[in-house]
Amino acid sequence: MQILITGIFLGGVYAIIAVGLSLQYGVSRIMNLAVGEMLVAGAFAAFWFSTAQSLNPYLSLLVVIPAAFCANWLIYRYLLLPLVRRAKTRGQLEVDSILVTFGLSFTLVGIFLWAFGGQFFNYSFLSVPVEIFDARYGQNRVLAFVIAFVVCAALWIWLNHTRSGLSMRAISVDTRAASLVAIDVEKSSNFAFALGGAIAATGGMVLSTFLTFDASIGIVFTLKALVIVIMGGVGDIRGAIVAALVLGITETVVARLIDPGLTLAAAYVLFLLILLFRPQGLFGRAQT
């Protein structure tokens with residue numbers, strides 16, 4: 001039970017990052033390999049609020065969310081939109097965007113290393129135990145899971161029960177058909193990309209409350225987000241949430257019962273199994 005609950009807590013936080021990437025790809029058709037750097041930026045903002053300003057790190061969300069939204073909006077508008085307009089096929093857009101965001105990832109890592117150095121960062125926040133089912137867990141992890149649940153639930157409700165969310169879903173199915181019913185595809189795609197980046201930065205802020213991080217850790221979470229998105233079905237928010245929980249539980253089982261150093265290897269083994277036996281994802285339909 002302790003392993004299961006710890007895995008669910010971890011998977012819930014993974015879900016924030018993964019749904020951000022899933023939203024970006026599902027609507028904008030951009031597989032953003034720099035999503036991990038948005039996470040790192042959110043983590044550094046929370047660290048600064050907690051240490052330099054002696055404030056509750058969750059107050060950093062008042063800055064992180066709008067700043068990350070604006071930054072990702074500008075990235076899409078001036079760096080990625082030209083690729084969208086010139087791409088003749090979806091495949092060409094995917095390849096071009098992967099190359100561009102891969103370069104952007106390394107650029108941001110260099111900026112973070114220049115600004116913060118290569119050392120590791122952490123801070124203490126709610127590092128006191130709370131008892132659940134006769135086992136103790138850190139309050140920071142419990143609160144992180146609650147925030148993750150709220151963010152994922154709000155995103156799902158928005159996509160499934162609002163007119164603007166319906167527009168996003170229409171674009172993810174067929175951009176040409178969406179444009180025929182008066183949906184501004186470029187504007188909506190820009191918004192989805194910016195929102196996905198803001199969600200990823202929120203995940204970084206939440207992770208920083210219990211995780212030691214450095215300027216280059218973003219690539220690790222980018223890869224985990226890719227594993228989750230592929231496992232859950234590309235562009236499927238529900239699948240990404242379930243896949244994140246599966247990954248969190250898997251990593252916890254491996255860390256507790258085998259070796260903590262094998263958690264990343266376990267994630268990729270799980271990824272390979274999905275590619276071999278269910279490439280369409282957990283909830284996707286096989287192509288006929």
Side-chain angles (χ1 to χ4, degrees), residues 17-41 66-112 155 158-159 163-201 218-219 221-230 232-237 239-240 275 279-281 284 287:
I17 309 157
V19 297
L21 179 60
S22 186
L23 181 64
Q24 289 180 328
Y25 183 79
V27 179
S28 306
R29 300 301 178 190
I30 302 294
M31 186 57 78
N32 181 16
L33 298 187
V35 68
E37 279 55 58
M38 293 298 110
L39 177 147
V40 174
F69 184 93
C70 292
N72 281 270
W73 189 91
L74 293 172
I75 288 171
Y76 185 88
R77 177 66 179 82
Y78 295 104
L79 189 62
L80 299 173
L81 186 56
L83 302 181
V84 176
R85 288 175 174 172
R86 82 180 187 190
K88 296 180 180 179
T89 64
R90 175 176 170 179
Q92 181 185 352
L93 173 60
E94 290 178 353
V95 171
D96 289 348
S97 63
I98 285 174
L99 293 174
V100 169
T101 56
F102 185 69
L104 177 62
S105 171
F106 277 90
T107 300
L108 292 174
V109 169
I111 293 173
F112 292 153
L155 181 63
W158 174 64
L159 287 173
R163 191 176 185 85
S164 57
L166 181 62
S167 298
M168 298 294 174
R169 293 171 60 199
I171 294 170
S172 69
V173 174
D174 191 325
T175 55
R176 291 185 178 180
S179 64
L180 293 176
V181 291
I183 296 175
D184 190 331
V185 175
E186 283 191 0
K187 183 178 179 180
S188 297
S189 297
N190 202 341
F191 178 83
F193 188 87
L195 180 60
I199 292 172
I219 184 64
F221 287 97
T222 295
L223 293 174
K224 288 185 179 184
L226 285 173
V227 170
I228 292 169
V229 169
I230 300 291
V234 176
D236 189 333
I237 299 297
L275 287 180
Q280 70 272 25
Q287 298 295 324

Just wondering, do [Y] and [X] contact through their side chains at under 4.5 Å, heavy atoms?
X: Arg163; Y: Leu166; result: no
X: Met38; Y: Asn72; result: yes
X: Val84; Y: Asp96; result: no
X: Leu39; Y: Thr222; result: no
X: Leu83; Y: Arg86; result: yes

Item to check | Worked check of side-chain contact (heavy atoms from CB on, under 4.5 Å) between Lys224 and Ile17 | outcome: CA-CA 9 Å; Lys224 288 185 179 184; Ile17 309 157; over 6 Å; no

Checking [X] side chain against [Y] main chain: does a donor-acceptor pair fall under 3.5 Å?
X: Ser22; Y: Ala18; result: no
X: Thr101; Y: Asn32; result: no
X: Arg29; Y: Ser172; result: yes

Checklist entry - Between Gln24 and Tyr76, is a side-chain contact (heavy atoms from CB on, under 4.5 Å) present by the stated rule, with each step listed? => result CA-CA 10 Å; Gln24 289 180 328; Tyr76 185 88; over 6 Å; no

Item to check | Taking every non-hydrogen atom, the tightest pair across Val19 and Ala240 | outcome: CG1-CB, 4.3 Å

Would you compute the distance between atom [atom1] of [X] and atom [atom2] of [Y] and round it to the nearest 0.5 angstrom?
X: Met31; Y: Ile98; atom1: CE; atom2: CD1; answer: 6.5 Å
X: Ser164; Y: Leu159; atom1: OG; atom2: CG; answer: 8.5 Å
X: Phe106; Y: Ile111; atom1: CZ; atom2: CD1; answer: 14.0 Å
X: Leu104; Y: Leu80; atom1: CG; atom2: CG; answer: 8.0 Å
X: Phe102; Y: Thr107; atom1: CZ; atom2: OG1; answer: 10.5 Å
X: Leu21; Y: Ile30; atom1: CG; atom2: CD1; answer: 11.0 Å

Checklist entry - Who pairs with Ser105 by side chain to side chain donor-acceptor pair (under 3.5 Å), at least two apart in sequence or on another chain? => result Glu37

Less than 3.5 Å apart, which donor and acceptor atoms pair up between the side chains of residues 186-199 and the rest of the protein, not counting sequence neighbours?
from: Glu186; atom 1: OE1; to: Arg85; atom 2: NH2; distance (Å): 3.0
from: Glu186; atom 1: OE2; to: Arg85; atom 2: NE; distance (Å): 3.1
from: Ser188; atom 1: OG; to: Asp184; atom 2: O; distance (Å): 3.0
from: Ser189; atom 1: OG; to: Val185; atom 2: O; distance (Å): 2.8

